[in-house]
Amino acid sequence: MNKLNKMNKKAQSEMVGFGIIVIIIAVLILVFISFSLNTNSNNQPQSYESEAFVQSYLQFTPICEKNNRHITNLELIKYCKNSDTCDDGKSACTALNETTIGILESSWKTGTDYPVKGYEFSIISQGTNLLKLSKGNKTSESRGSSQVFSEGLQIDFTSYY
Amino acid sequence: MVKNKSGQVKVQQMAFMILGLTIFFVLVGLFALSFMFSGVKESKALLDKQQATLLVQKLANSPEFSCGGAFGTEKTNCVDLDKVWALKSKINDYSGFWDIKGIEILKIYPSSTGECSSSNFPNCEHLTILNSGALGVDKSTFVSLCRKESDGSRIFDKCEVGKLIVRFSNELK
């Protein structure tokens, strides 16, 4: 009887040990799953709409002439980078700022009544911010586009839903 | 007899343990799967939207709409407004060419108002190219609306920001 008790106790302690191992493995699996899901959610989905917006933004003809020639927004950005002025004496960066605000406000209506809750727009040239504009709220669901051009020019646009 | 009984107890313990473990891992697996598939619906909606945007972009980059090399280098998502204005008058020749119910162009910036007609073009907001009158689903994408403009002494390229809106007969699958 004593021998049976001893064996039972041994089996019970084995079960407890095994149970602890199972719990540790389960916790590790859960940590791994939550980690992999978090890294996935950080990947911002590519948005063709944002890409198309950035392209049409760059092709826009602003009210800024240079050397008696109408230029595009992309050229205006390069003039702003060199702290140049338009033919009418206005700073290229001021013209760029005004044009960008106008295009963003007209193109992306934000607020609780709209599907887009907010946006961020930035022009980075060789690591320095030429222009950074944002409006509305940042939410967890975002879509965007990042386009890189020659001479270290990068244009980022992210919309929040 | 005692040895037999203890053996039976051990086998029983092991059977319970294996059963418990199996149930536990099945539950963990179900939990993980439900987590993984919770975003599938949202992903499908996003993919549908992207597919629709791509279809509209395909139309914007077709020879009937695209700027081609008329405004310097070839541009994507660029609509030649002069070409489109000419297309509007010949749209009956294109009936059935595209399997769509409507094509509209909306000028976004700089802002303007009114439906485009021969009296106010290009200083208008809304240009209807094709309107079959049928119901459908509207999909749109941003485009550059480029045209040749004159300031009296010279002709230059002018591009504005707009949207190309296409009406499809049914929801895209």
Side-chain angles (χ1 to χ4, degrees), chain A residues 1-8 10-12 14-15 18-19 21-23 25-27 29-30 32-34 36-37 40-41 45-63 65 68-73 99-109 141 143 161, chain B residues 2-3 5-7 9-10 12-14 16-17 20-21 24-25 27-29 31-32 35-36 38-39 42-43 46-47 49-54 56-57 60 67 71-72 75-79 107-111 140-146 149 151 154 156-164:
Chain A
M1 195 65 179
N2 232 355
K3 205 175 176 183
L4 186 65
N5 265 349
K6 261 189 182 177
M7 282 184 91
N8 266 347
K10 202 182 167 189
Q12 279 171 354
E14 272 176 12
M15 269 178 73
F18 198 57
I21 290 166
V22 167
I23 288 165
I25 290 169
V27 167
I29 289 168
L30 283 176
F32 173 75
I33 288 168
S34 61
S36 62
L37 284 172
N40 280 344
S41 65
Q46 181 199 21
S47 165
Y48 295 117
E49 194 181 18
S50 302
E51 270 180 24
F53 169 73
V54 173
Q55 279 162 14
S56 55
Y57 164 81
L58 291 172
Q59 290 164 21
F60 182 77
T61 312
I63 310 170
E65 285 183 47
N68 214 22
R69 190 179 68 84
H70 287 269
I71 58 171
T72 62
N73 258 356
T99 309
T100 309
I101 290 172
I103 294 174
L104 283 170
E105 298 254 317
S106 310
S107 306
W108 299 90
K109 306 281 182 204
E141 194 191 346
R143 284 165 222 163
Y161 293 83
Chain B
V2 173
K3 267 193 176 177
K5 266 200 174 177
S6 77
V9 169
K10 271 202 163 184
Q12 208 177 16
Q13 279 175 347
M14 208 169 93
F16 275 122
M17 202 62 210
L21 264 178
F24 180 78
F25 278 117
L27 285 175
V28 169
F31 180 72
F35 240 124
M36 281 163 73
S38 61
E42 286 81 10
S43 301
L46 182 66
L47 282 174
K49 203 180 172 203
Q50 294 203 342
Q51 193 196 1
T53 310
L54 279 177
V56 181
Q57 284 182 5
C67 296
F71 302 91
K75 299 173 172 104
T76 52
N77 298 322
C78 176
V79 169
K107 194 199 283 185
I108 290 176
Y109 187 82
S111 61
S140 66
T141 189
F142 284 101
V143 286
S144 282
L145 306 174
C146 295
E149 178 97 339
D151 61 3
R154 68 214 156 120
F156 62 93
D157 299 339
K158 188 170 175 66
C159 294
E160 295 163 323
V161 178
K163 269 193 168 182
L164 178 67

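Remember, it's a predicted structure, so these values are computed and weren't measured experimentally. Labels below follow one simple rule: chain letters A, B, ... track the order of the sequence lines, proteins then strands, and each chain is numbered from 1.
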Practice task
Please work out which of the three classes, parallel, tilted or perpendicular, describes the rings of A:His70 and B:Phe156, given edges at 30° and 60°.
Solution key: parallel
Return the minimal non-hydrogen interatomic distance between [X] and [Y], and the atom names on each side.
{"X": "A:Ser56", "Y": "B:Ser144", "result": "CA-OG, 3.2 Å"}
{"X": "A:Ile103", "Y": "B:Tyr109", "result": "CG1-CD2, 3.3 Å"}
{"X": "A:Thr61", "Y": "B:Cys159", "result": "OG1-N, 2.7 Å"}

Completion exercise
A:Asn68 meets the side-chain contact (heavy atoms from CB on, under 4.5 Å) criterion, sequence neighbours left out, with A:Glu65, A:Asp87, B:Arg154
Handout entry: Best-contacting candidate, B:Lys158, B:Glu160, B:Glu149, B:Lys75, against chain A by heavy atom pairs under 4.5 angstrom
Key =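 Sorted descending by pairs with chain A, the first entry is B:Lys75.
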Handout entry: Which of B:Thr141, B:Val143, B:Asp151 touches chain A most, by non-hydrogen pairs under 4.5 Å
Key =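 When all of B:Thr141, B:Val143, B:Asp151 are compared, B:Val143 has the most.
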Problem - Min side-chain heavy-atom separation A:Phe60-B:Pro110 under 4.5 Å - result: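 Side chain of A:Phe60 against side chain of B:Pro110, heavy atoms only: contact under 4.5 Å found.
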Exercise for the section: With the side chain counted from C-beta on, respond yes when B:Lys163 and A:Glu49 share a heavy-atom pair under 4.5 Å apart, and no when they do not. Expected result: yes
Can you tell which part of [X] gets under 4.5 Å to a heavy atom of chain A, answering side chain, backbone, both or neither?
{"X": "B:Val161", "answer": "both"}
{"X": "B:Asp157", "answer": "backbone"}
{"X": "B:Leu54", "answer": "side chain"}
{"X": "B:Gln57", "answer": "side chain"}
{"X": "B:Thr76", "answer": "both"}
{"X": "B:Leu21", "answer": "side chain"}
{"X": "B:Phe31", "answer": "side chain"}
{"X": "B:Phe16", "answer": "neither"}

Exercise for the section: For A:Ile63, look at atom CD1 and say whether over 12 heavy atoms of other residues, nucleotides or ligands are found less than 6.0 Å away. Expected result: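 Not buried by this count: 12 neighbours or fewer within 6.0 Å.
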Practice task
Pick one of side chain, backbone, both or neither for A:Ile29, based on which atoms fall under 4.5 Å of a heavy atom in chain B.
Solution key: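 Answer is side chain: those atoms of A:Ile29 sit under 4.5 Å from chain B.
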Problem - OH-CG distance between A:Tyr48 and B:Asn77, expressed to the nearest 0.5 angstrom - result: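 Going from OH on A:Tyr48 over to CG on B:Asn77, the span is 12.0 Å.
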Problem - side chain to side chain contact (heavy atoms under 4.5 Å, CB included) between A:Ser107 and B:Phe142, intermediate numbers included - result: CA-CA 9 Å; A:Ser107 306; B:Phe142 284 101; 3.6 Å; yes
